[in-house]
Number of protein chains: 2
Amino acid sequence: MTATQPGPVRNGKRPSVTDVARLAGVSVGTVSNVLNRPANVAPSTRAKVEAAIKELSFVRNASARQLRSGELNTVGAVVLDIANPFFTEMARGIEDRLAQDEYTLMLCSSDENPEREGRYLRLFEEHGVRGVIATPSEGSLDTLLAMRGRGIDVVLLDHTSPLPDLPSVAVDDVGGGALATEHLLAQGHTRLAFLNGPLTLRQCADRREGVLQTLAAHGLDPAEALVEIPLEALNADGGDEGMRRLLASAGPVPSAAFCVNDVTALGALRALRDLGVSVPGEMAVVGYDDVMFANMLATPLTSVRQPMYKMGWTAADMLLRRGAEGAAAEQVEFEPELVVRASSISG
Amino acid sequence: MTATQPGPVRNGKRPSVTDVARLAGVSVGTVSNVLNRPANVAPSTRAKVEAAIKELSFVRNASARQLRSGELNTVGAVVLDIANPFFTEMARGIEDRLAQDEYTLMLCSSDENPEREGRYLRLFEEHGVRGVIATPSEGSLDTLLAMRGRGIDVVLLDHTSPLPDLPSVAVDDVGGGALATEHLLAQGHTRLAFLNGPLTLRQCADRREGVLQTLAAHGLDPAEALVEIPLEALNADGGDEGMRRLLASAGPVPSAAFCVNDVTALGALRALRDLGVSVPGEMAVVGYDDVMFANMLATPLTSVRQPMYKMGWTAADMLLRRGAEGAAAEQVEFEPELVVRASSISG
DNA sequence: CAGACCGAGTGTAACGATTCACGCCCCCGG
DNA sequence: CCGGGGGCGTGAATCGTTACACTCGGTCTG
């Protein structure tokens, strides 16, 4: 009992069905049957084969299997940032739905880097995944369309589809941006800051659009009423740094800030705290996503809620159903919901 | 220009090297050379082949490629809970290190479910991943050892290795548990609550061990000084519910609570707030991990910090280096660090 | 009793890319 | 003019699995 390796000693190679067949004294076809259609094999034979499998600790070679039979129960997903709870919550939704059908999720994070995103998409395709769920960044839409042209199911996540027959799950971000802005204006603020990411990201562009529309609807001139702060990174440090830049900027400082997501809002709040600016007294803050910790912060964060888990679940569901019954392409759009908390309430 | 599909019309099948070769008027061997050793191909030939590849929008079949050549630049990782920032931060570290060597990460979340974890591990092996990084749950260690026996590199993450030649990256959780307890005792608390997960999880068992050791060192009887609350789930809701149970329990209520991680501490704090129990006045709280939002909560959370990103990075680095130069198995252990904040400071 | 049928198992041709031992051609030096 | 390389390409063998057409006893049916 001093063996350090379980099972028989390997001779440097994985055993194959052939090895199993030889050991069990049957043909490879039978081994394959035991593996895939056990009901078609006599119990005694099956037992012999199973014994041989255990003996050799044989593990199916997925590459060969897939090469021959084409099918693969894997779905790839590319999200913008795996460290953002917004995306991990969606990932959970995807995974749970996929697990129901014995599918597996391959999750990758593009870090908003189109090149990295492209690399992952290519990898997925080379591996022959059944489908892809992606939160596309700028430019990758073409790649996705090309993949779809080659027969890979694609579902856009957190992005409304530009094409009628391309399924997507999204949230009305223009509406969400409007919701936040409307709320801030209702609180009496007349000059707002918008800490936003690159406009090449649809989410950022749309939320901005909502801001501008709302300003216009109230007869406000953006040049007067809006200070836009472009963020270096859509994480806490980016938000922190952006807020510092806002406070240091020339001209009258706004009395309210809308952050493009909760993680950056977290950073912004940190900067405000460190600089001794009171929230919401001197600066009201609104975030976006309503992630897990939003309501537990020093000043609970007003945020625009998105049904993250449900979005992920729905996207996976659409992907699976689409393949299964050739369902028509749906384009689901959820409505965002403003959750008002202390960070934006002056009274 | 009304084609809805980019590229030439597919006849229902992916083009293969053979198709490319035919179109380019060369042999399949040459196509393969263009793909893998472009320097060995004359520029004019290469151009022809590349044109054909574009024309057909050919995509390599990774299964066939790997079947023949064996190698695959993919590493699999299984973490306990993808929605916990502790794990996603580690995942980022892994991914970044892997990207340096053009490796790709396949990330899966076992939800502390051994069966699900086993499924993912088997899947990885069937796919022939180069190595596996895993935060093992109960029982899966055998599976991992078996995989290693079959030639797959394994690195344990957030788990000290039980075997000298099995590499691992971990944090001294006994020490971490002691740190937290020592701190709470130093604050004058004499009766502590410990909101913990299942002891089948090494992290939970070790931190508990640290708690008990420290209690003993101070001459305290656990039966008197410790109230253990088993958590249903290691997430915010679990922590919330656990704290409510604690407050509702019979006997003198402790004046301090140690939560096994920050996410559950978040939930516990939420329950305390909702029930109107002041922190740290009526109940001091300490968490574990020091995740991103710990210092931004209503009452900034005292926590035991772990170098998450670095842990992930190191694990990936060990995996890659091990294969590359047959380096000896290291077992890295990081030291946890107590970060004291308002949630546990009585003065 | 012939023929159909059945369950159980066999053997082999794919699947698509890579590899490798060889050809072929052309140029160069002796 | 011949031998020898080098540079470019060729094409068949191969990886491990699955699908499929097939064999082989034996039992049922009319």
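Order of the sequence lines sets the chain letters (A, B, ...), proteins ahead of strands, with each chain counted from 1.
Projected onto DNA chain D by closest heavy-atom contact, Arg46(B) and Val17(A) fall at different nucleotides, the more 5' of which corresponds to Arg46(B). With the nearest nucleotide of DNA chain D identified for both Ser44(B) and Ala62(A), Ser44(B) has the one nearer the 5' end.
Distance check, rounded to the nearest 0.5 Å: OH of Tyr309(B) to CD of Glu89(B) gives 8.5 Å.
Using a 4.0 Å cut-off between charged side-chain N and carboxylate O, Glu330(A) and Arg321(A) make a salt bridge. Electrostatic pairing of Arg14(B) and Asp19(B) does not count as a salt bridge here, judged by no charged N lying under 4.0 Å from a carboxylate O. Note on Glu55(B) versus Lys48(B): no salt bridge recorded, every NZ/NE/NH1/NH2 to OD/OE distance being 4.0 Å or above. Ion pairing between a basic and an acidic side chain is recognised when a charged N comes within 4.0 Å of a carboxylate O; Lys54(A) and Glu50(A) show no such pairing.
Annotation for Arg60(A) and Leu35(A): closest pair NH2-O, 3.5 Å, computed over non-hydrogen atoms.
Here dT14(D) presents its P atom at 18 Å from CG of Asn61(A), a figure rounded to the nearest Å. In this structure, CD of Gln66(B) is placed 13 Å from C1' of dT17(D), rounded to the nearest angstrom. Going from atom CG of Asp19(B) over to atom C1' of dC15(C) covers 13 Å, rounded to whole Å. Computed from coordinates, the Arg60(B) CZ to dG16(C) C1' distance equals 12 Å when rounded to whole Å. Distance Leu67(A) CG to dA19(D) P: 12 Å, rounded to the nearest Å. Distance CD (Glu125(A)) to P (dA17(C)): 12 Å, rounded to an integer number of Å. Distance, Phe58(A) CZ to dG16(D) P: 10 Å, rounded to whole Å. Per the geometry, CG belonging to Leu35(B) stands 11 Å off P belonging to dT19(C), to the nearest Å.
Summarising the local packing, CD of Glu115(B) is surrounded by 12 or fewer heavy atoms from other residues, nucleotides or ligands at distances under 6.0 Å.
Of the residues in residues 36-43 of chain B, those with a non-hydrogen atom less than 4.0 angstrom from any atom of DNA chain C are Asn36(B), Arg37(B).
For Ser32(A) and dT18(D), the shortest distance from a side-chain N or O to OP1 or OP2 is below 4.0 Å.
In this structure, the side chain of Ser109(A) does not engage the main chain of Arg92(B) through any donor-acceptor pair within 3.5 Å. Put simply, the side chain of Ser161(B) never gets that close to the backbone of Pro167(B): no donor and acceptor are under 3.5 Å apart. Using modelled atom types, no side-chain atom of Ser32(B) and backbone atom of Val28(B) make a donor-acceptor pair closer than 3.5 Å.
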Measure all distances between protein nitrogen or oxygen atoms and nitrogen or oxygen atoms of nucleotides 10-13 of chain C, and list the pairs falling under 3.5 Å.
unit_1  : atom_1 : unit_2   : atom_2 : d
dT10(C) : OP2    : Ser27(A) : N      : 2.9
dT10(C) : OP2    : Ser27(A) : OG     : 3.0
dT10(C) : OP2    : Thr30(A) : OG1    : 2.5

Show each protein N/O and nucleotides 5-7 of chain C N/O combination with a separation under 3.5 Å, one pair to a line.
none

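In this structure, a donor-acceptor pair under 3.5 Å is absent between the side chains of Glu126(A) and Asn61(B). Of the N and O atoms on the side chains of Arg130(A) and Tyr103(A), at least one donor lies less than 3.5 Å from an acceptor on the other residue.
In this structure, of dT18(D), dT17(D), dA17(C), it is dA17(C) that holds the atom nearest to the side chain of Arg65(B).
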